[in-house]
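Indexing begins at 1, ligand by ligand and atom by atom, following the structure's order. Please read these numbers as outputs of a predicted model, since none were measured by experiment.
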Amino acid sequence: MSKPQILMSPPDTFTVSYAINPWMKEGAVNWDLAQRQWESLYKAITEQAGAEVKLMPAVEGLPDLVFTANAAFVYQDTAIIAHYKHVERQGEEPHCQTWFKENGYRVVTLPQGIYFEGAGDALIWNGRVFAGYKTRTDILSHQVITQETSLPVLSMELIDPRFYHIDVCICPLDRDYFIYYPGAFDEYGLRVIEANIPQNRLIPVTAEEAGLFACNAVNINDTVIFNKGSDRLAKVLSDRRFKVIQLDMSEFLKSGGSTKCLTLRVA
Ligand code: ARG
């Protein structure tokens, strides 16, 4: 069986030079430390989780290109390319489009004026897409996902500005488990989660864990990789036979992202 493939982009030009989410404080990043933290994630993915990493080159002036989760929503050979809400990130779009074209994907772009931030706002659990909207992604993009992939989409409003992408509020896992932070959703969103996912598969996290980006986890087979500090969650997952790897992602948290944001499953 071929290895899972993960798209990453090296943090060569990573910095915080603008603020488009509540976590971002300009000039706060220790660049050398960020390099080492990104390397540790790369190693955990390739050496411990057994996946293959594809690289998209860094580009000067695009500090957030490192967050490849946003580049596109990928399903089989289709890649729906992001159209960013903030002009600061729109320069990433042609680079993402080129990468997916050159790598043989069927590339889909959004109709004019519809914002969509890729797998940052659309995650597949058991054949259905849990998709966030309002902070970054327009709800209108959700029907494009269905049109292009035939997957049903469950639209969830994100109500807390700190949890501005759905991949910082939920994480679908192997064997149909599902990590989520209840505080990121309204009553309706919680009903959608509870109506779709069996109680014994749901793994809620606390506000403190969510603030440490516990939901922003990379899951490859039975390995789960997330930012350090959520030992309670680590224990819950180990009890369910997951291998947990906790890494220090402090420099990327300063930009509002952690392990999952730095990766995109492309095969
Ligand atoms: N600074 C980036 C932004 O605000 C962080 C993106 C994090 N990505 C994610 N998939 N949650 O756009």
Side-chain angles (χ1 to χ4, degrees), residues 6-29 31 34 37-38 41 45 56 58-59 61-74 79-93 95-96 115-124 129-138 141 145 156 158-172 179-181 184-185 205 209-219 225-227 249-266:
I6 309 289
L7 178 64
M8 294 179 72
S9 179
D12 305 2
T13 63
F14 173 65
T15 181
V16 177
S17 55
Y18 49 77
I20 56 172
N21 70 54
W23 304 91
M24 296 178 87
K25 305 253 176 310
E26 285 178 41
V29 170
W31 189 81
Q37 293 177 344
W38 186 90
L41 176 61
I45 291 173
M56 176 160 68
V59 177
L62 297 176
D64 280 339
L65 191 65
V66 71
F67 297 111
T68 51
N70 296 122
F73 174 80
V74 182
I80 307 177
I81 307 294
H83 177 36
Y84 289 97
K85 176 162 183 172
H86 295 285
V87 68
E88 289 88 340
R89 294 200 67 180
Q90 287 172 359
E92 298 176 34
E93 295 167 20
H95 298 281
C96 300
Y115 301 120
F116 173 64
E117 301 205 356
D121 263 331
L123 296 170
I124 302 173
V129 183
F130 286 80
Y133 70 89
K134 216 162 169 180
T135 28
R136 292 293 187 89
T137 286
D138 286 328
S141 67
I145 300 178
M156 326 261 298
L158 305 179
I159 61 161
D160 182 336
R162 296 199 315 144
F163 301 99
Y164 59 96
H165 278 140
I166 204 164
D167 72 353
V168 299
C169 323
I170 67 167
C171 183
I179 302 174
Y180 74 116
Y181 171 49
F185 301 101
V205 303
E209 290 164 337
L212 291 168
F213 284 72
C215 297
N216 198 246
V218 177
N219 174 220
I225 310 168
F226 54 79
N227 179 50
M249 286 286 134
S250 63
E251 300 317 290
F252 297 98
L253 261 59
K254 293 174 183 171
S255 188
S258 183
T259 56
K260 157 67 174 60
C261 300
L262 295 166
T263 65
L264 177 65
R265 181 85 180 245
V266 291

Colleague: I'd like to check K134 versus L158 (side-chain heavy atoms, cut-off strictly below 4.5 Å). Are they in contact?
Modeller: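 Side chain of K134 against side chain of L158, heavy atoms only: no contact under 4.5 Å found.
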
Colleague: A side-chain contact here means heavy atoms from C-beta on lying under 4.5 Å apart; do I166 and F185 qualify?
Modeller: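 Result yes, sub-4.5 Å side-chain heavy-atom pair found.
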
Colleague: Can you list the ligand 1 atoms lying under 4.0 Å from a non-hydrogen atom of I20?
Modeller: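 Answer for ligand 1: 3 (C), 4 (O), 12 (O).
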
Colleague: Give the residue and atom name of whichever protein heavy atom lies nearest to atom 12 (O) of ligand 1, and the separation in Å to one decimal.
Modeller: R89 NH1, 2.8 Å

Colleague: Does a donor on one side chain and an acceptor on the other come within less than 3.5 Å for N70 and R136?
Modeller: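 N70 vs R136: no donor-acceptor pair found between side chains.
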
Colleague: Mind checking whether C171 and F226 have side chains closer than 4.5 Å, heavy atoms only?
Modeller: no

Colleague: Tell me which one of L262, I6, L7 satisfies side-chain contact (heavy atoms from CB on, under 4.5 Å) with T68.
Modeller: L7

Colleague: Can you tell me how far the CH2 atom of W23 sits from the CZ atom of F252, to the nearest 0.5 Å?
Modeller: 16.0 Å

Colleague: I'd like to check which ligand 1 atoms, numbered from 1 as shown, lie under 4.0 Å from a non-hydrogen atom of G256.
Modeller: 7 (C)

Colleague: Quick one: are Y115 and H86 in side-chain contact, heavy atoms under 4.5 Å?
Modeller: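 Y115 vs H86: side chains apart.
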
Colleague: Do Y84 and I20 have side chains that get closer than 4.5 Å, going by heavy atoms?
Modeller: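 The answer is no, as the side chains (C-beta and beyond) never meet within the 4.5 Å cut-off.
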
Colleague: Among protein heavy atoms, which sits nearest to atom 9 (C) of ligand 1, and what does the distance come to when rounded to 0.1 Å?
Modeller: C261 SG, 2.8 Å

Colleague: Output the list of atoms in ligand 1 that are nearer than 4.0 Å to some heavy atom of A69, sorted by atom number.
Modeller: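 Here the atoms of ligand 1 in question are 10 (N).
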
Colleague: Between H86 and ligand 1, which part of the residue brings a heavy atom under 4.0 Å of the ligand: side chain, backbone, both or neither?
Modeller: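 H86 to ligand 1: no contact under 4.0 Å from either part.
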
Colleague: Please state which part of S255 comes within less than 4.0 Å of ligand 1, counting heavy atoms only: side chain, backbone, both or neither.
Modeller: both

Colleague: Does R136 come within less than 4.0 Å of ligand 1, judged by its heavy atoms?
Modeller: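 It does, in that a heavy atom of R136 comes within the 4.0 Å cut-off of ligand 1.
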
Colleague: Looking only at distances, can you tell me whether any N or O atom of E117, backbone or side chain, sits closer than 3.5 Å to an N or O atom of ligand 1?
Modeller: no

Colleague: When rounded to the nearest 0.5 angstrom, what is the spacing between CZ in F130 and SG in C169?
Modeller: 13.0 Å

Colleague: Where is the nearest protein heavy atom to atom 8 (N) of ligand 1: which residue, which atom, and how far?
Modeller: N70 OD1, 2.9 Å

Colleague: Can Y164 be said to touch ligand 1, with heavy atoms closer than 4.0 Å?
Modeller: yes

Colleague: Just to confirm my output: which protein heavy-atom neighbour is closest to atom 10 (N) of ligand 1, and how far is it?
Modeller: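 Nearest protein contact, heavy atoms only, for atom 10 (N) of ligand 1 is D167 OD2, 2.8 Å.
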
Colleague: Using a strict cut-off of 4.0 Å, indicate which atoms of ligand 1 neighbour a heavy atom of G120.
Modeller: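 Ligand 1 atoms under the 4.0 Å threshold to G120: 10 (N).
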
Colleague: Ligand 1 and D64, any nitrogen or oxygen pair closer than 3.5 angstrom?
Modeller: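 Yes: some nitrogen or oxygen of D64 is under 3.5 Å from one in ligand 1.
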
Colleague: How long is the span from the OH atom in Y164 to the NZ atom in K85, to the nearest 0.5 Å?
Modeller: 13.0 Å

Colleague: Could you tell me, atom by atom, which parts of ligand 1 come under 4.0 Å of a heavy atom of M24?
Modeller: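 Listed by number with element: 1 (N), 4 (O).
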
